[in-house]
Amino acid sequence: MKIQYTLLVFIFSTISLFSQEKSELKTTFSGFIETYYSYDFNQSITDAKLPFMYNYNRHNEFNINIGLLRAKVEYENAYALVSLQSGTYVDDNYTNEKIKYLNEAYVGLYFDQSKKHSIEVGILPSYIGFESATTASNLTLTRSILAENSPYFMTGVKYNYKPSDKWNFAALLTNGWQRINKPQKDVAPSFGTQVVYKSSTNSTLNWSTFVGKEFNGIDFTMRYFSNLYFDKKWNDKWRTIAGFDYGLQDLSSTNNSSASWLSPVFITQYSINPKWQTAFRTEYYQDTKNVIIASNDEFKTLGFSLNFDYLPNSKVKLRTEARYFDSKNDVFPKDSDFVNSNFFLTTSLSFEF
């Protein structure tokens, strides 16, 4: 890894020097780092306190959730972006990947001067959902269950068409459901779509879909997935997000049996003043056949969370959140057993530039 890091530093340095010589070439650097402490009242004895969560997933210890360093280069109608990452989020979410330390790495090209048509190729940020891995931009501190269990990233090619300020359309061919490398050469690329409608700068309606073959525990079968959400900022004080996930996957390639999962979520944020914010979330996740969430029983979980955020300036956030899960079955680890509820507190301090 030292050789790879040295090479990347050399590339970034070369780009920076070249940008000084060629005024047409624009280079920008940005970054994000988030520290955290989380206490799980089930007192998990494993490294990852919950197997279906990937952020802030250590019990009773101080740690780095994610650290990002991003470089973007723009030249005429082309651009490229590379982002390095590290942290417990990376350890938990990239366990099956050979390439762990690249958060994003893609090249983009505009086909016209008005930038209505463009294409992007590489490791791309996910087009699904409303919550990002750089969690300071999310309304809640921790990510919703539906966001934690849908793709953070996609590897492939994405075509964008933006006919106006109100509409944006995209189509994708990818290596699969959050996957950098294809697991089998005979598995065809997956297909995705995205439709975004903005009636105003404060209102977004987004519908994203995914179709492709994914592993069901025995073999690769078809998965069909839809994510729909509505994000509205009502005024300077109130903002709400309502989202819904629904997925369906074949249980066998030889018969018509299938399994589904679903998840509604509602989040409301209230800005007390420019320095203080609070948000409340209610959510439900149902995966009775454990297609997405592997557990010892049917996963039917209701969740609530409440967070308070302090913003000393535009670059720093200090956030604290209480979160509670209640399940129909005993699916949450506690010592060497399982129980039907889970309560934990999380505090984070983040800085972005």
| query | Do Y285 and L146 have side chains that get closer than 4.5 Å, going by heavy atoms? | reply | yes
| task | Can you establish whether the number of heavy atoms outside N96 located under 6.0 Å from its atom CG is more than 12? | result | no
| Does atom NZ of K232 have more than 12 heavy-atom neighbours from other groups under 6.0 Å away? | yes
| task | List the steps and the verdict of side chain to side chain contact (heavy atoms under 4.5 Å, CB included) for V157 and L124. | result | CA-CA 8 Å; V157 56; L124 306 165; over 6 Å; no
| With V73, which of L81, V82, V107, T27 fulfils side chain to side chain contact (heavy atoms under 4.5 Å, CB included)? | T27
| Does I218 offer a backbone N or O that forms a donor-acceptor pair with the side chain of N216 under 3.5 Å? | yes
| Shortest non-hydrogen contact from G176 to S190? | CA-OG, 3.4 Å
| task | Decide whether S348 and S350 meet the rule of one side-chain donor and one side-chain acceptor closer than 3.5 Å. | result | no
| Test: R143 cationic atom under 6.0 Å from Y89 six-membered ring centre, within 45° of axis | no
| Reported OH-to-OG1 distance for the pair Y36 and T320, which is rounded to 0.5 angstrom | 15.0 Å
| said: Nearest 0.5 Å, please: how far is OH in Y127 from OG in S150? | reply: 10.0 Å
| query | Should E298 and K328 count as an ion pair when the cut-off is N to O under 4.0 Å? | reply | no
| If only atom types and distance count, is the side chain of D330 paired as donor or acceptor with the main-chain N or O of N340 below 3.5 Å? | yes
| field | Electrostatic pair D91:K100 at N-O distance under 4.0 angstrom | value | no
| field | Step-by-step side chain to side chain donor-acceptor pair (under 3.5 Å) determination, N202 to S200 | value | CA-CA 5 Å; N202 294 326; S200 68; 5.2 Å; no
| query | So, for S260 and D287, which heavy atoms are closest and what is the spacing to 0.1 Å? | reply | O-OD1, 4.3 Å
| said: Below 30° counts as parallel, above 60° as perpendicular, anything between as tilted: where do the rings of F41 and F343 land? | reply: tilted
| query | Is the count of non-hydrogen atoms from other residues, nucleotides or ligands lying under 6.0 Å from D236 atom CG greater than 12? | reply | no
| said: Whether K49 engages the ring of F344 as a cation-pi pair (distance to the six-membered ring centre under 6.0 angstrom, angle to the ring normal within 45°) should be assessed. | reply: yes
| Do the side chain of S327 and the main chain of S341 share a donor and acceptor less than 3.5 angstrom apart? | no
| Cation-pi check, K237 onto W234 ring (under 6.0 Å, within 45° of axis) | no
| request: Please assess Q194 against W207 for the test side chain to side chain contact (heavy atoms under 4.5 Å, CB included), listing each intermediate value before the final yes or no. | output: CA-CA 6 Å; Q194 182 181 28; W207 180 38; over 6 Å; no
| Do you know which two heavy atoms are closest between L102 and A105, and how far apart they sit? | CD1-CB, 4.2 Å
| task | Carefully, step by step, assess Y79 and K26 under the rule side chain to side chain contact (heavy atoms under 4.5 Å, CB included). | result | CA-CA 9 Å; Y79 57 93; K26 180 182 179 183; over 6 Å; no
| Can you find a pair of side-chain heavy atoms, one from I293 and one from W261, that are under 4.5 Å apart? | no
| If you measure from CG on D309 to CG on L141, what distance do you get to the nearest 0.5 Å? | 7.5 Å
| said: Minimum heavy-atom separation for Y106 and P125, please, with both atom names. | reply: CE2-CD, 3.8 Å
| query | Does a donor on one side chain sit under 3.5 Å from an acceptor on the other, for S295 and N290? | reply | yes
| task | For N273 and K275, indicate whether the former's side chain and the latter's backbone hold a donor-acceptor pair under 3.5 Å. | result | yes
| request: Classify the side-chain pair T209/S226 by whether it contains a donor and acceptor separated by less than 3.5 Å. | output: no
| message | side chain to side chain donor-acceptor pair (under 3.5 Å) for E352 and T134? Distances and angles first, verdict last. | response | CA-CA 9 Å; E352 59 182 329; T134 52; over 6 Å; no
| request: Test ring pair (Phe, Tyr, Trp, His ring centres under 6.0 Å) on Y94 and F153 and set out the steps. | output: CA-CA 11 Å; Y94 289 75; F153 62 89; 5.0 Å; yes
| query | With the threshold set at 4.0 Å, does a side-chain nitrogen-carboxylate oxygen contact exist between E283 and R281? | reply | yes
| Is there a donor-acceptor contact under 3.5 Å from the side chain of S271 to the main chain of Q277? | no
| query | Within a reach of under 6.0 Å around CG of N313, are more than 12 heavy atoms found that belong to other residues, nucleotides or ligands? | reply | yes
| task | Determine, step by step, whether N138 and E131 satisfy the side chain to side chain donor-acceptor pair (under 3.5 Å) criterion, reporting the C-alpha distance in whole Å, the side-chain angles of both residues, the deciding distance to 0.1 Å, and the verdict. | result | CA-CA 6 Å; N138 301 337; E131 292 176 317; 5.1 Å; no
| message | Any donor-acceptor pair under 3.5 Å linking the side-chain atoms of N227 with those of Y246? | response | no
| request: Anything under 30° is parallel, anything over 60° is perpendicular, the rest tilted; go ahead and classify F332 against F52. | output: tilted
| field | Audit row: D40, N342, side chain to side chain contact (heavy atoms under 4.5 Å, CB included) steps and yes/no | value | CA-CA 8 Å; D40 183 357; N342 189 216; 2.8 Å; yes
| task | Work out which heavy atom in L262 is nearest to a heavy atom in F244; give both atom names and the distance. | result | CB-CZ, 4.2 Å
| request: Would you give the length of the straight line joining atom CD of Q85 to atom OH of Y101, rounded to the nearest 0.5 angstrom? | output: 9.5 Å
| message | Let me confirm one number: the CG-CG distance from L50 to N55, rounded to the nearest 0.5 Å. | response | 12.0 Å
| Within 45° of the ring axis of Y110 and under 6.0 Å from its six-membered ring centre, is that where the NZ or CZ of K115 lies? | yes
| query | Do T140 and E321 come within less than 4.5 Å of each other through their side chains, counting heavy atoms only? | reply | yes
| said: So does V291 get a backbone contact from the side chain of Q249, meaning a donor-acceptor N/O pair under 3.5 Å? | reply: no
| query | Looking only at heavy atoms, which two atoms of F220 and F215 are closest? And how far apart? | reply | CD2-N, 3.5 Å
